[in-house]
Undergrad: 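Could you have a look at this structure, given as structure tokens, before my questions?
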Amino acid sequence: MGLFTVAEARQELVRLMPVLDEIVVRRADMVELSAALTPGGQPSPLGGLAERKATEARLDELMTEVQQTGAELKGVAPLLVDFPADLDGVPVLLCWLEGETGLDWYHRADLGFAGRRRLPFDAL
């Protein structure tokens, strides 16, 4: 997969939002179902082992759907998605974190999340 422009990454993020929203819901379901299956765990109205396996399979499908766009799913709790890009000749990752309303951050590919910065105005 190639690099995204800022505009392309933002467009892809909008398209992916229903998928990302479902990942958040399924993630919570998975935690609840897993807790219910532990010895002494409180039963869940979501079901048991079969529902946990189905939820896990659906999560795998959703994560694959994100990856197939060329975006990189870097974290699931919290949800973190990076879009490979280039800013002024520097390899960067346009970075979206669960709870953010838009794609306004980036970090150099070699620095990781700790090097996260706001996109410069001229990149918008």
Side-chain angles (χ1 to χ4, degrees):
M1 297 260 158
L3 300 176
F4 289 86
T5 65
V6 173
E8 290 168 341
R10 285 183 171 151
Q11 184 178 25
E12 191 61 38
L13 179 62
V14 168
R15 193 192 71 72
L16 281 173
M17 283 311 295
V19 174
L20 299 173
D21 288 343
E22 187 177 349
I23 289 173
V24 170
V25 170
R26 298 295 181 173
R27 176 186 70 198
D29 291 350
M30 185 72 157
V31 170
E32 183 175 329
L33 288 163
S34 295
L37 292 169
T38 61
Q42 182 177 358
S44 170
L46 298 174
L49 183 59
E51 289 77 14
R52 185 194 175 282
K53 287 183 177 191
T55 298
E56 184 175 17
R58 180 64 180 147
L59 269 171
D60 287 344
E61 290 171 1
L62 294 165
M63 291 187 287
T64 297
E65 188 173 340
V66 172
Q67 301 278 15
Q68 287 175 338
T69 68
E72 300 173 6
L73 189 59
K74 294 291 183 81
V76 180
L79 203 51
L80 179 61
V81 180
D82 284 343
F83 298 86
D86 183 280
L87 286 180
D88 299 324
V90 178
V92 300
L93 297 168
L94 305 173
C95 185
W96 177 83
L97 180 63
E98 180 180 333
E100 294 177 347
T101 57
L103 186 61
D104 300 317
W105 297 84
Y106 78 99
H107 55 83
R108 283 187 3 209
D110 63 330
L111 295 181
F113 188 83
R116 199 170 188 245
R117 299 178 182 274
R118 277 208 179 274
L119 281 166
F121 183 73
D122 61 346
L124 305 176

Undergrad: Taking all non-hydrogen atoms of both residues, which atom of Thr5 and which atom of Leu94 are closest, and how far apart?
TA: O-CD1, 4.0 Å

Undergrad: Show the nearest heavy-atom pair for residues Cys95 and Leu80, with the distance to one decimal.
TA: SG-CD1, 3.6 Å

Undergrad: Between Leu87 and Pro120, which heavy-atom pair has the shortest distance, and what is it?
TA: CD1-CD, 4.4 Å

Undergrad: Which heavy atom of Asp82 sits nearest to which heavy atom of Pro84, and what is that distance?
TA: O-CD, 3.9 Å

Undergrad: So does Val31 get a backbone contact from the side chain of Ser34, meaning a donor-acceptor N/O pair under 3.5 Å?
TA: no

Undergrad: So Leu119 and Trp105, do their side chains get closer than 4.5 Å, heavy atoms only?
TA: no

Undergrad: Are Leu93 and Val6 joined in one hydrophobic group, where the rule is that I, L, V, M, F, W and Y side chains link up if heavy atoms are under 4.5 Å apart?
TA: no

Undergrad: Considering residues, nucleotides and ligands other than Arg117, do more than 12 of their heavy atoms fall under 6.0 Å from its CZ?
TA: no

Undergrad: With side chains defined as the heavy atoms from C-beta onward, is the minimum distance between Tyr106 and Arg116 less than 4.5 Å?
TA: no

Undergrad: Which residues pass the salt bridge (charged side-chain N to carboxylate O under 4.0 Å, His left out) test with Glu32, not counting sequence neighbours?
TA: none

Undergrad: According to a hydrophobic-cluster definition based on side-chain heavy atoms being under 4.5 Å apart (Ile, Leu, Val, Met, Phe, Trp, Tyr only), do Ile23 and Leu16 belong together?
TA: yes

Undergrad: Run the salt-bridge test on Asp104 and Arg10 with the 4.0 Å N-O cut-off and return the result as yes or no.
TA: yes

Undergrad: Quick check on the hydrophobic clustering: are Leu103 and Leu73 connected, directly or via other members, by side-chain heavy-atom contacts under 4.5 Å?
TA: yes

Undergrad: Are Val19 and Met63 linked, directly or through intermediate hydrophobic residues, by side-chain heavy-atom contacts shorter than 4.5 Å (ILVMFWY only)?
TA: yes

Undergrad: Which pair of heavy atoms, one from Ala85 and one from Leu3, lies closest together, and at what distance?
TA: N-CD2, 3.9 Å

Undergrad: Does a side-chain heavy-atom distance below 4.5 Å link Lys74 with Val81?
TA: no

Undergrad: If you measure from CE on Met30 to CG on Leu46, what distance do you get to the nearest 0.5 Å?
TA: 12.0 Å

Undergrad: Using side chain to side chain contact (heavy atoms under 4.5 Å, CB included) as the criterion, point out the one residue from Glu65, Glu61, Arg58 that pairs with Glu22.
TA: Arg58

Undergrad: Filter on salt bridge (charged side-chain N to carboxylate O under 4.0 Å, His left out), then keep only pairs touching residues 33-55, sequence neighbours left out; what's left?
TA: Arg52-Glu56

Undergrad: Do the side chains of Val76 and Leu62 join up, straight or via other hydrophobic residues, at under 4.5 Å, putting them in one cluster?
TA: yes

Undergrad: Does Glu98 have any side chain to side chain contact (heavy atoms under 4.5 Å, CB included) partners at least two apart in sequence or in another chain, and if so, which?
TA: Val24, Arg27, Pro78, Leu79, Trp96

Undergrad: Check whether any side-chain heavy atom of Asp29 lies under 4.5 Å from a side-chain heavy atom of Val25, and answer yes or no.
TA: yes

Undergrad: Taking the side chain as everything from C-beta on, heavy atoms only, tell me whether Leu13 gets closer than 4.5 Å to Leu20.
TA: yes

